[in-house]
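Everything quoted here is computed from the prediction, not taken from an experiment. Side-chain atoms are counted along with the backbone in the values below, which use heavy atoms only and exclude waters and symmetry mates.
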Amino acid sequence: MAAKVLEAGFYWTIVFKDAHQWVKGCNECHRTRNISRCHEMPMNPIQEVEVFDVWRIDFMGPFVSSFGNKYILVAVDYLSKWVEDAALPTNDARVVVGFFEEESLSKALS
C-alpha cells in the first residue's frame with residue numbers, strides 16, 4: 001500500500017507507519033498470513049518495442065482524382081502514435097515500398 005501511494009506521487013509523512021497499522025488491523029491479512037510461493041502470480045516478460053518498430057498501414061479510397069492521386073496511405077506507429085500520410089495514384093505494394101523508402105531517407109537526412 002505504501003509503495004502505491006509513493007508511486008502515485010503523494011506526499012505522506014507517516015505512510016509506512018499508517019500502512020503497518022492498517023495491515024495489523026486487517027482481518028483478511030491475518031487470515032491469509034502464510035502466503036507461499038504457490039500463491040504468487042507468475043512473472044511474465046515485458047515485450048520491449050522501440051519507436052518506429054511496429055506500424056499499422058491503411059489505404060483510404062478510391063476518392064475523386066486530385067492531381068492524379070486517388071488513394072491516401074496512412075501509416076501509424078503503435079508506440080509513439082506518430083502518423084504519416086501520403087496521397088498516391090494507386091494502392092499497390094510498389095507505392096507502399098516507395099513511401100517507406102522515402103520516409104526512411106528523410107529521417108536519415110534530418
Task: Stepwise side-chain hydrogen bond (donor to acceptor under 3.5 Å, both in side chains) check, S80 with D77 - done: CA-CA 6 Å; S80 67; D77 174 49; 2.6 Å; yes
Task: side chain to side chain contact (heavy atoms under 4.5 Å, CB included) partner of F59, chosen from V74, V96, I72 - done: V96
Task: M60 vs Y71 side-chain heavy atoms within contact, under 4.5 Å - done: no
- [ ] Group every Ile, Leu, Val, Met, Phe, Trp and Tyr by side-chain heavy-atom contacts under 4.5 Å, then state whether W55 and L88 land in the same group.
- [x] yes
Task: Spatial distance of atom CD (E84) from atom CD1 (I57) [nearest 0.5 Å] - done: 12.0 Å
Open item on the list: Is there a path of hydrophobic side-chain contacts, each under 4.5 Å between heavy atoms, that joins V76 and V54?
Closed with: no
- [ ] Would you kindly confirm whether F99 and W82 end up in one hydrophobic cluster when ILVMFWY residues are joined by side chain heavy atoms under 4.5 Å apart?
- [x] yes
- [ ] Check D92 against V95 and note the closest heavy-atom contact, atom names and distance.
- [x] O-CG2, 3.0 Å
Task: Test side-chain contact (heavy atoms from CB on, under 4.5 Å) applied to L73 and D85, step by step - done: CA-CA 5 Å; L73 174 69; D85 59 350; over 6 Å; no
